[in-house]
Amino acid sequence: MSDVAALELRDVHVTYRTREGPVPAVRGVDLSVFAGEVVGVAGESGCGKSTIVSTILRLFPASATVTGEVLLDGENVLTMRWGRMRAVRWGVASVVFQGALHSLNPIQRIGTQLVEPIFLHDKLATDNSAATKVRTLLEQVGLPARHADAYPHQLSGGQKQRVMIALALACDPQVLICDEPTTALDVMVQAQILELLIGIARERSMAMLLISHDLSVLGTSCDRVAVMYAGRIIEHGPARAVFDWPEHPYTRALSSAFPTIGDAASRYAPSGLPGDPPFPGDLPSGCPFHPRCPSALPVCPTVDVKLLPAGPGRTAACVLVDQSVPTR
Amino acid sequence: MRRASTVTTPRKLSPYAIARTRRKKSLQRFAQAFFGQPAGVIGLVILSVFVLLAVSAPLLFDREMLDITKTLGNESLEPPNGDFWLGTDENGRSILAVLVWGARASLVVGLAASLISMVLGTLIGIGSGHYTGLAGSALQRLTDWFLVIPFIPLVVVLAAVLGQRGLGTIVLVLGVTSWPGTARLVRAQTLSVEGRPYLERAKVLGDSDWQQMTKHVLPNVMPLVIANTTLTVAIVILSETTLAFLGLGDPFLDSWGTMLDKATGAGAASTGAWWYLLPPGICVILVVLAFTLIGRTLEVVLNPRLGSE
Amino acid sequence: MAVAAAVRAADSDPEPQRPARGGQQGGLGRFIGYRLVAGLGTLVFVLLFNFFLFRMLPGDPAARYRAVKSISPADLAKIRDELTAPLPQQFVAYLKDPLALDGISSWKGQPVWDLVQGRAWPTLVLLGATTIVAVVIGVWIGIKAGWNRGSRFDKVSTAVTLLFYATPEFWLGLLLILLFSTGIGFFPGIFPSGGVIDSGIDPLSFEGITSIADHTVLPAVALAAVYLAEYSLIMRASMVDELGQDYLMTARAKGMMDHMVRRRHAVPNASLPTITLIFLNIGFIIGGAITVETVFSYPGLGLLTFEAVSEQDYVLMQALFLVFTMSVIVFNIIADIVIAVIDPRIRT
């Protein structure tokens with residue numbers, strides 16, 4: 001495996017200009033995903049995880065200011081020319097969007113939508129080769145080839161998400177970004193879709209970024225996870241370790257927000273977090289988590305903690321980490 | 001938008017006082033939103049000018065100036081000059097005076113007919129949305145049927161069939177023909193309100209149909225109705241102009257449409273009497289534009305689903 | 001192996017509707033059938049409405065025919081018998097001939113059909129010209145303004161279209177006559193102000209067609225301005241609605257150029273409401289041309305309506321009103337079918 005990451009974010013900041021003033025949605029994120037690796041990003045809604053997705057293919061609205069570097073195979077997408085950008089979109093990295101319900105054009109047949117990126121990125125494609133490719137793609141995601149003639153509304157939510165995955169694979173990208181790919185699906189279907197996605201990524205040794213609000217899902221299926229809060233990564237490390245032994249109080253709250261099957265105690269004391277995540281335009285001082293933190297110290301409102309080493313391959317942004325490192 | 005909660009514990013207030021302050025607050029919020037929209041403000045300013053003109057017409061120009069038996073001494077179809085700023089019509093009347101008095105006719109007809117249309121449309125719309133049985137579907141069919149009847153031919157034919165043409169006839173004709181659009185809109189909104197839990201609750205608690213419709217549905221469709229009625233006023237004024245232009249208006253009422261009818265009769269277009277043609281048309285455009293701008297702004301402000309831009 | 005497992009599991013995923021090509025065609029056929037039946041219901045209502053509307057008249061309906069010299073006393077007696085018969089009997093007679101094709105116009109003393117027939121084609125010419133101009137320009141403006149919401153083009157075009165929307169079309173007609181027919185100041189009086197064709201020319205010859213075009217330009221522009229405004233406002237609103245849709249983000253992420261995203265994805269979806277409106281309006285323009293045809297003495301069905309009203313010819317009025325209403329019903333049905341063909345969601 002090459003030592004250049006397939007996807008790397010370096011000190012990425014995203015600020016939206018709004019009528020109420022600038023809103024910093026992402027405040028300095030560093031993250032890399034190597035080929036063959038599945039990296040998860042977890043966090044509540046509004047923590048900036050979907051904003052990160054929009055930076056990777058430069059799909060953010062004009063009201064956003066993005067600084068830092070977003071490197072795809074070493075190439076910075078933020079400074080790319082538009083022509084190169086269009087070639088990179090879907091050719092190098094593709095996205096499985098959240099809510100497949102609306103991510104497909106309602107009045108075009110599935111086949112037409114699958115063929116579109118093929119012709120766009122492969123100048124040598126013929127009608128025949130594209131049709132064959134569509135059939136293969138649909139089979140790969142477990143759909144019969146006849147679905148190419150269907151319209152999106154004729155498919156179930158899970159089938160639509162499968163189409164979305166087939167679409168994302170149409171140009172054999174190196175990087176696959178999945179933005180809440182299983183939200184709005186039935187629980188059973190969620191598991192199937194996730195299994196399919198991870199399986200495909202591993203099989204093709206793609207670099208995959210998996211965004212979800214469900215830390216338990218990421219903990220079981222990813223290699224590494226990053227937990228985001230208020231526009232920053234506040235904990236990062238091997239997936240299993242982060243999920244099983246969270247260092248940051250927020251991660252702890254997030255991992256126990258979902259009851260562990262078989263653990264009776266977690267059912268009787270579901271420790272949800274009090275309050276809502278802060279509004280990005282109006283963050284609390286110091287550690288932005290301190291108003292909701294069950295183990296906040298008097299120093300927390302004044303210290304803006306950076307990521308600190310917290311065990312093998314792990315970092316966490318909490319003043320408590322300093323003391324806890326030697327004990328574990 | 002989420003902010004740190006700054007709710008102070010309320011002292012014991014009567015429910016009415018709470019409702020009053022809440023209403024005042026939402027009114028303030030509404031005003032702020034409305035005046036944040038330049039289009040709406042422009043519409044309001046234009047409309048205010050015309051309302052002012054209409055109200056003060058007797059102060060500006062004596063009613064006598066419209067009486068053609070009193071204006072025989074003036075030259076007819078005189079271009080604008082020092083005495084008559086907008087010139088004279090074929091009877092030697094000051095076009096400016098007729099124009100200002102015409103504002104009254106147009107506004108009165110527009111508002112009165114829209115009121116009829118609003119009441120009819122709201123009643124039929126809520127009824128067809130609330131009653132699920134035969135009555136509801138009958139009202140819905142009726143709305144659908146009236147929607148396909150071409151408006152202008154209907155108005156023209158109705159005015160022609162009704163014969164004697166007074167202000168009341170015109171208002172009636174325009175009022176009873178322009179409700180289907182409102183009814184359809186109100187019906188859709190009623191259906192969405194009917195699906196909400198608090199209506200379920202009202203039903204369980206035994207509210208009568210009338211109570212459900214007046215206490216719960218009506219307040220919810222009212223904002224939409226008001227925005228829609230404002231747009232209806234614009235259409236009604238245009239239609240009144242059309243009717244009057246076709247000679248189907250009140251012959252004793254000098255509306256802007258009547259002026260255009262008379263101007264055509266006097267050959268203003270073919271003789272180049274632009275001062276007779278332009279002012280009434282421009283006035284119609286401005287007033288219709290004003291109501292359209294206000295109506296569109298109300299739609300945006302009162303219906304957050306449409307988005308603020 | 002994980003993939004294989006997921007593939008097998010896919011069949012447990014409920015499938016709401018089986019996509020099969022034959023089924024879709026059947027859906028469309030059923031939809032059209034349903035739509036035709038509903039249209040028939042509307043037609044029955046309109047026939048009833050039309051019947052009673054014209055039975056509200058006060059006075060002796062036959063008296064109006066006395067002024068027509070060409071009617072013999074025997075015919076007059078027959079007309080009186082028909083018009084004063086009991087309502088049920090009148091209704092039966094009406095149903096036999098709802099358009100009153102054999103009815104005698106009290107204005108001209110001619111069968112109504114002869115009058116309507118001769119006046120239909122100028123209205124169709126005007127309708128065609130108006131629709132083409134209004135649709136092409138209006139939709140173009142709407143797309144451009146909506147796609148670039150907030151741009152200067154958007155602001156200016158919205159202001160101008162709102163102004164046109166508020167303009168009475170006949171007043172615009174009068175203004176056009178003043179400027180381009182009478183001619184005033186710098187404006188050349190180059191267009192005729194009345195009629196549809198210069199007399200004595202075969203309408204199907206080259207001269208005939210240019211003469212018709214010459215006579216149609218001004219009324220078509222006057223009518224088109226209003227409808228153009230409506231189309232562009234609706235199209236703009238639909239485009240703005242589509243802007244936030246997720247599938248546009250997908251299209252952009254695929255690496256499509258902005259104008260391709262617009263043409264291939266945004267416009268087809270956004271055009272659905274406008275297409276409905278265009279077809280509906282075709283029905284409405286036929287009747288809405290009354291004032292413009294009157295202003296330009298354009299001898300179509302609109303001018304005929306005005307003449308019927310001025311001459312108080314109720315038989316003619318009734319026939320015209322039914323023609324207008326039926327054209328709306330027909331185009332209503334066509335609109336629904338066209339939408340069903342474009343939008344697969346409608347027909348299921």
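Chain letters run A, B, ... following the sequence lines, proteins first, then strands; residues in each count from 1. None of these values were measured; they are calculated from a predicted model.
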If I measure from the heavy atoms of chain C, does [X] come under 4.5 Å with its side chain, its backbone, both, or neither?
{"X": "B:F151", "answer": "backbone"}
{"X": "B:I282", "answer": "both"}
{"X": "B:L147", "answer": "backbone"}
{"X": "B:T292", "answer": "side chain"}
{"X": "B:L238", "answer": "side chain"}
{"X": "B:L142", "answer": "side chain"}
{"X": "B:T241", "answer": "both"}

Most contacts with chain C, counted as non-hydrogen pairs under 4.5 angstrom, among [options]:
{"options": "B:W145, B:W274, B:F245, B:F291", "answer": "B:W145"}
{"options": "B:V156, B:V284, B:L154", "answer": "B:L154"}
{"options": "B:P280, B:G281, B:A290, B:A39", "answer": "B:G281"}

Given a strict heavy-atom distance threshold of 4.5 Å, which part of [X] is in contact with chain B: side chain, backbone, both, or neither?
{"X": "C:Y165", "value": "both"}
{"X": "C:S181", "value": "neither"}
{"X": "C:L43", "value": "neither"}
{"X": "C:T158", "value": "side chain"}

note = On a heavy-atom basis, the closest approach of B:V236 and B:A113 is CG1-CB, 3.7 Å
query = Does a donor on one side chain sit under 3.5 Å from an acceptor on the other, for B:S255 and B:T258?
reply = yes
query = Is the backbone N or O of C:A145 less than 3.5 Å from a side-chain atom of C:S157, with the two atoms forming a donor-acceptor pair by type?
reply = no
Looking at [atom1] of [X] and [atom2] of [Y], how far apart are the two atoms once the value is rounded to the nearest 0.5 Å?
{"X": "C:T325", "Y": "C:F45", "atom1": "OG1", "atom2": "CZ", "answer": "9.5 Å"}
{"X": "B:E299", "Y": "B:R296", "atom1": "CD", "atom2": "CZ", "answer": "8.0 Å"}
{"X": "B:N228", "Y": "B:L298", "atom1": "CG", "atom2": "CG", "answer": "11.0 Å"}

Based on non-hydrogen pairs under 4.5 Å, which of [options] is most in contact with chain B?
{"options": "C:L280, C:L163, C:T305, C:L179", "answer": "C:L163"}
{"options": "C:V295, C:L172, C:V328", "answer": "C:V328"}
{"options": "C:G41, C:S310, C:G150", "answer": "C:G41"}

ask   = Is it true that C:R119 and C:E307 make a salt bridge, defined as a side-chain N closer than 4.0 Å to a carboxylate O?
value = yes
Parallel, tilted or perpendicular: ring planes of C:F49 versus B:F146, cut at 30 and 60 degrees = perpendicular
ask   = So does B:R187 have more than 12 non-hydrogen atoms from other groups sitting under 6.0 Å from CZ?
value = yes
inquiry  = Can you confirm whether B:R141 is buried at CZ, in the sense that more than 12 heavy atoms of other residues, nucleotides or ligands lie under 6.0 Å from that atom?
reply    = no
task = Could you check if a side-chain atom of C:T42 sits within less than 4.5 angstrom of a side-chain atom of B:D144, using non-hydrogen atoms only?
result = no
